[in-house]
Amino acid sequence: MSIPQTKENTLVQRAVHVLIIIILLGFGACIFYLGYVQLVLGEEYRAKAEDNQLRDSEISAERGVIYDRNGKELAKSASAWKVVIYPNKLSESKSARETVIKRLAVVLDMEEETIRAKAELSQYGNMVVKYRVEKDVRDEILQLMDEVCETAETETGDKIERKFSRYIGIENDVKRYYPYNSFASTVLGFTGTDDVGTGGLELYYNSILTGTPGRKITAVSGQGDSMPAEYETVTDAVQGTSLVTTLDETIQRYLEEGLDQSLRDTQAEYAYGLVMDVNTGAILAMSSKPDYNLNTPYEITSQAVKDEIDKLVDKKMQQEAETEAWFNQWKNRTISDTYEPGSVFKIITAAAALEENIWDLSRTYVCGGAIQVDDRRMHCSHREGHGTQTFSQAFANSCNPFFIQLGLDMGVDRFYKYFEAFGFTEKTGIDLPAEEIGNYHTPDSMKQTKVQLASSAFGQSFTVTPIQTITAVSAIANGGKLMQPYIVAKTLDPNGNVLSETKPVVKRQVVSEETADVITSMMEEVVASGTAQNAYVAGYRVAGKTGTSEILEEPGEYIGSFACFAPADDPQVAILIAIKKPVGQYYGSQIAAPVAADIMRKVMIYLNVEPIYTEEEAKNVDRNAQNVVGTPVDEAKQILVDEGFNVKIMGSGETVVEQVPPANQTIPARGTIILYTEKNSEQQTTTVPDFTGLTINETYRVANEAGVNVSIVGNALSNDFVAFKQDKEKDSKVYYGDTIVVYFKSTSAEVD
C-alpha cells in the first residue's frame, strides 16, 4: 500500500535532498581542499612544520692558510662566534623584543635600528645579528643569555621567567686573522664581513681558499627551545685550500723597512718595490707604501688624509673621500700603477741595439749635450755634454742623445720588436688581481714622427708597470729569458698534502745570452763608476740602472727609480725601487739607489751568498778582535793596534778585566775597542755624534774621538761619498764601543 503524498511529506523529502546535497558538497569541498593542501601546498606547510620543529644553522668553514715560502703563516682563520636572534619567538612579546634589542645594541656596539630590522622578521626562526665576535663579546652574550629577560603570565595565571636564551643564541664562526698586521697587506688582501676576499691573493684565489660550510640541525620543542644533543645532526665544515707563496718573510721585511724609511726621508707620496728571483720569476717580496693594517682595513692610515676628510662638511663628499682613501691604501701599485720608466728603459734599448748589431762596442759617439730630432732639440741630462764616449761609457753616463741615436738607427719596426718581446705590450700574467698595462706608441704612431721613437728610446713618453720592468730586467740577469712572474708556489689540502705546484715558465728568449752578458757588464759599470754609485755593496757585484722621469699628467712632479740585480757574475735576485713625488731630491740615483743597495746587502747576507772582496774592500771588512782579557794593559793595547783597531783604556788597573765589544763579536774595521781595567766598573756612556755630511775619513775620525764604532753602508773606498743617515740619533747616549750604522751616498752621481 503506497503512502499518500501529502504536502508535509513532500517538504520533508526536499529537505532531506537538500541536506544530502549540502553534506556531499561539504565533504567534497573538504576532500578537495585536503587534496589541494597535500598536493599543492604540501611542501610549503611541510617546510613551515620543519621550521617550527627544527633549527638549521650553518657552520662556517675556515679559509685556507696563506704561508710564506718557509711556512710562516701570513693569513689564517681563528675561532670566533656569531650572535643570533630568534625573530619568531621575539614576535610573541613586544616588551621582550625591545629589551633584547636594547641590551644587544650595547653589548655588540650596534645601532638599535639595525637589530630591530632583523628582530621584526617574525617569519624567520633565526637571524644572525653580528658575525665574527671575539671571545670577550661572546662571554658577555653568554652571561646575558643566563639573565631573565621578562616575567610572563601563562593562560592559567601562573608567572614564568623567560631568559634571554629564549630569544638569542651563540654559534661557532671563524674570523680571518693576519698575524703581522700591515705586513704584505697590498699583496695578501683581506676578507669582508661575508668572508669573501677583497684584493690581493684573498680575492684572486678566493674560490679555492673558501672552504665548504657545514650544517647543524637541532630539534626544537613545542615551546621553541632546543632539544638535547641526541636530537642534533651535524655536518662538519671543510677547510679551504691553503697557499704557499713565494714571498720570503725576511726579505719582505727588508723591503718594507727600506720603503718606510724612504717615505720618511723623501716625504714622497708613494714608494713601491719588488724583489724577484731572476731564474724562476718567483716574487720574493712586493710592497706598496703607505699601506694598511689587514686586521682593520677600513681604518685610514694616513693622518694627512684623515685630516682632509674631516675638513669636509658635506656628508656625501666625506663618504666619497673616505671610499677613495680606502681604495688608495688597498691598491697594489707594483702591478696597478703605471709610470714612465725613464733611463731604466735604456737597458732594453741597449740590448736591442746589440742584438741587432746596430752599434759596435768599439765605435764612439760624441755627446754635445743635445741632439736635433726633426723640429725638436732633445737635451742630455748632462747639459754640457759627455764628449766622446764608447757604448759602455754612454750607458754608464746615461747619455740621452746616444740612446736617441740608437733608437733612430734601429728604426721603428726593430725597436718595437724588442719593446714587445720584453713584455711591455702585455700584462705579465702574475697571479694577482687588477694588473694594469701602460700606454705606449704603436709602430704606426711612431712612424708618424721621429720624436716619439726618439723619446721612447730613452724611456720617456710611454708608461709601464713596475712588475713589467722588473720582469724585463730579470731577463737580462738570467741570460735573455723572459719569465712568467708568479707569487703562489703551491697549494695544499687541509691535511697539508700538495695539490698543485707552480713550475717556472719561460715565455720566450728575448735576446741571446751573449747580449745579456754584455749588458750585465755595462750595468755593473754603472754601479762602479756611473750614475748608480750609490748602489755599491762591498763584496757583491751589483749591476743596475737608475731612472728619473717626470709624471706625464703632473708636470714638475717626478718618479725616481732604480733597478738592479746581484751578484753580477751569478745573478740571484733583482730589485726594483720606485719613489713617486718626493720632496726635494728626486733623481733615482739619489733616492732609490741607496734604498736598493741596503736591501740588496741584507738579502745577499740572508741568502748566504758568499761575499768576494777586492783587496781594497778587504781592508774595511768587519772582523773579530783577539781576546785580550787577562792580558797586561800595554801588551793588550799593542795587540789590538797591530790588528788595526783603535783602543781606549778605562780605569787605572794594570790588567784588562773586560773588553767591549767582546772578542766573539764582529767589530767594524778601523773600530774602537774599550778596555776596562778595574773589576765591577760600570760601562761608561758617550754621546752619539752627528755624522751627516761627513766623508768616510771624517766619519772614522769623529767616531774614534767619541769612542764608538761605525758600520759603513755605501762605498767606503771613495771620499766623494758623504753620510746622509745614521741608525742612532745624534746626541743620544750609547755605551763606549757600541756600533752605529752610517749610510753614505755620492755627492756627484746625481743625474740619471
Side-chain angles (χ1 to χ4, degrees), residues 537-539 598 601-602 604-606 608 610-692 694-717 719 721 723 725-744:
V537 179
D598 191 34
R601 176 179 64 86
K602 294 173 181 175
M604 291 290 100
I605 294 171
Y606 170 69
N608 293 317
E610 192 69 28
I612 301 174
Y613 296 104
T614 64
E615 186 176 340
E616 284 299 309
E617 287 174 338
K619 296 176 182 178
N620 297 299
V621 174
D622 293 358
R623 66 198 73 178
N624 290 342
Q626 190 175 149
N627 186 358
V628 294
V629 174
T631 306
V633 172
D634 290 341
E635 182 182 340
K637 181 177 180 180
Q638 190 60 50
I639 290 172
L640 296 175
V641 168
D642 289 344
E643 290 183 350
F645 296 108
N646 296 293
V647 178
K648 189 175 184 66
I649 309 297
M650 291 291 189
S652 56
E654 297 181 355
T655 304
V656 177
V657 296
E658 183 183 3
Q659 71 182 75
V660 178
N664 59 356
Q665 181 176 314
T666 300
I667 304 170
R670 298 162 65 176
T672 298
I673 297 175
I674 313 301
L675 299 181
Y676 288 89
T677 63
E678 296 175 358
K679 291 183 178 180
N680 302 321
S681 59
E682 291 186 1
Q683 286 193 20
Q684 301 296 307
T685 61
T686 184
T687 302
V688 175
D690 182 3
F691 295 105
T692 306
L694 300 184
T695 64
I696 299 290
N697 289 333
E698 289 170 341
T699 297
Y700 279 123
R701 176 179 57 77
V702 171
N704 290 337
E705 290 173 356
V708 295
N709 293 310
V710 287
S711 179
I712 303 299
V713 177
N715 194 334
L717 304 180
N719 229 31
F721 285 67
K725 185 173 63 174
Q726 57 195 72
D727 70 340
K728 292 183 176 65
E729 290 187 13
K730 66 175 182 178
D731 297 330
S732 60
K733 293 294 183 181
V734 296
Y735 290 113
Y736 278 106
D738 277 0
T739 297
I740 300 165
V741 180
V742 183
Y743 297 80
F744 285 76

Practice item. For the pair Val688 and Val708, evaluate side-chain contact (heavy atoms from CB on, under 4.5 Å) and give the outcome as yes or no after the intermediate values. Key: CA-CA 8 Å; Val688 175; Val708 295; 5.8 Å; no
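- The shortest heavy-atom contact between Pro668 and Val710 is CB-O, 3.0 Å.
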Review point. So Met604 and Val537, side-chain contact (heavy atoms from CB on, under 4.5 Å) or not? Walk me through it.
Key: CA-CA 10 Å; Met604 291 290 100; Val537 179; 5.9 Å; no
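- A donor-acceptor pair is defined here as one N or O able to donate and one able to accept, closer than 3.5 Å; such a pair exists between the side chain of Glu698 and the backbone of Thr695.
- For Gln726 (side chain) and Ile740 (main-chain N/O), no donor-acceptor pair under 3.5 Å exists by modelled atom type.
- Judged by distance alone, the side chain of Glu658 and the main-chain N or O of Gln683 form no donor-acceptor pair under 3.5 Å.
- Applying the side chain to side chain donor-acceptor pair (under 3.5 Å) test to pairs two or more places apart or on separate chains, those with a residue in residues 727-744 are Thr687-Lys733.
- Between Arg601 and Asp598 the shortest side-chain heavy-atom distance falls below 4.5 Å.
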Practice item. May I have the step-by-step check of side-chain contact (heavy atoms from CB on, under 4.5 Å) for Asn624 and Asn664, ending in yes or no? Key: CA-CA 6 Å; Asn624 290 342; Asn664 59 356; 5.9 Å; no
Check your understanding: Step by step, would you call Tyr700 with Asn646 a side-chain contact (heavy atoms from CB on, under 4.5 Å)?
Key -> CA-CA 10 Å; Tyr700 279 123; Asn646 296 293; over 6 Å; no
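- Of all the heavy atoms in Phe645 and Ala625, the pair that sits closest is CE1-CB, 3.8 Å.
- Atom CD1 of residue Ile696 and atom CD1 of residue Ile712 lie 4.5 Å apart, to the nearest 0.5 angstrom.
- Here the closest non-hydrogen pair linking Pro661 and Gly737 is CG-O, 3.4 Å.
- Here the CD-CD1 distance, from Gln659 to Ile667, works out to 7.0 Å after rounding to the nearest 0.5 Å.
- Each side chain to side chain donor-acceptor pair (under 3.5 Å) pair with one or both residues in residues 625-637, not counting sequence neighbours, appears once here: Gln626-Glu643.
- When the shell of 6.0 Å around CD1 of Ile612 is examined, it contains 12 or fewer heavy atoms from other residues, nucleotides or ligands.
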Could you pull out every donor-acceptor pair under 3.5 Å between side chains of residues 671-679 and any protein atom, sequence neighbours left out?
residue : atom : partner : partner atom : Å
Thr672  : OG1  : Asn704  : OD1          : 3.0
Tyr676  : OH   : Gln684  : N            : 3.0
Thr677  : OG1  : Met650  : O            : 3.1
Thr677  : OG1  : Gly651  : O            : 3.4
Thr677  : OG1  : Ser652  : N            : 3.3
Thr677  : OG1  : Gly653  : N            : 2.8
Glu678  : OE2  : Ser652  : N            : 3.0
Glu678  : OE2  : Ser652  : OG           : 2.9

